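Remarks on the structure that follows.
Predicted, not measured: the structure shown is a model, and the values here were computed from it. All residue numbers refer to positions in the sequence shown, counting from 1.
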Amino acid sequence: MTRTEKFHFIKWARSLSDSELEKEYYDASYDCLGSEAEEMYERGWDMDDIIERDKYERDLCVKADILEAICVERGIKLWERR
């Protein structure tokens, strides 16, 4: 993720309501579980495709981390049952 992409993502995330932010965080957290890149490697895919998928997966985790940080700033308690 480039600096500009990160800046725009943070700006977008800060514009969300608390409930929207929490939903986006849970979606992003779910999306970064597991690794398809590792599975692609084991199955002998082309290295360019594996590298591209690995970068995409890292970007997903960065987005989840950003969303989590904004939730913490706002005092949104994550992973608690209401």
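The salt bridge (charged side-chain N to carboxylate O under 4.0 Å, His left out) check on Glu52 picks up nothing, with sequence neighbours excluded. In this structure Lys6 satisfies the side chain to side chain donor-acceptor pair (under 3.5 Å) test with no other residue, sequence neighbours excluded. By the side-chain contact (heavy atoms from CB on, under 4.5 Å) test, Glu38 pairs with Ser35, sequence neighbours left out. Ser15 pairs by the side-chain contact (heavy atoms from CB on, under 4.5 Å) definition with Trp12, not counting sequence neighbours. With sequence neighbours excluded, no residue forms a side chain to side chain donor-acceptor pair (under 3.5 Å) with Arg3. Evaluation of the salt bridge (charged side-chain N to carboxylate O under 4.0 Å, His left out) rule for Glu73 yields Arg14 as partners, not counting sequence neighbours. Residues satisfying the side chain to side chain donor-acceptor pair (under 3.5 Å) criterion with Asp49, sequence neighbours excluded, are absent altogether. Partners of Glu5 according to the side chain to side chain donor-acceptor pair (under 3.5 Å) rule, which considers only residues two or more places apart in sequence or in another chain, are Thr2. Every side-chain contact (heavy atoms from CB on, under 4.5 Å) that Cys32 has, sequence neighbours left out, goes to Leu60, Cys61, Ala64. Evaluation of the salt bridge (charged side-chain N to carboxylate O under 4.0 Å, His left out) rule for Asp31 yields no partner, not counting sequence neighbours. With sequence neighbours excluded, the residues that form a side-chain contact (heavy atoms from CB on, under 4.5 Å) with Asp18 are Arg74, Ile76.
Looking at Asp54, its side chain never comes within 3.5 Å of a backbone N or O of Ala37 through a donor-acceptor pair. No side-chain donor-acceptor contact under 3.5 Å links Glu22 to the backbone of Ser19.
Annotation: ring-ring contact (aromatic ring centres under 6.0 Å, His included) contacts involving residues 37-71, sequence neighbours excluded, are absent.
If you take CZ on Phe9 and CG on Leu67, they are separated by 4.0 Å, rounding to the nearest 0.5 Å. Between the CD1 atom in Ile50 and the CD atom in Glu36 there is a gap of 12.0 Å [rounded to 0.5 Å]. Rounding to the nearest 0.5 Å gives a distance of 10.0 Å between CD of Glu24 and NZ of Lys63. Rounding to the nearest 0.5 Å places CD1 of Ile10 at 6.5 Å from CD1 of Ile70. Taking CD1 of Ile51 as the reference point, atom CG of Asp46 lies at 8.5 Å (rounded to 0.5 Å). Rounding to the nearest 0.5 angstrom, the gap separating the CZ atom in Arg53 from the CG atom in Asp48 is 15.5 Å.
In this structure, Glu68 and Cys71 have side chains that are not in contact, with every pair of non-hydrogen atoms separated by 4.5 Å or more.
The heavy-atom pair separating Tyr26 from Trp79 by the smallest distance is OH-N, 2.9 Å.
Put simply, Tyr30 and Leu78 are part of two different groups of oily side chains (I, L, V, M, F, W, Y) that touch within less than 4.5 Å, one to the next.
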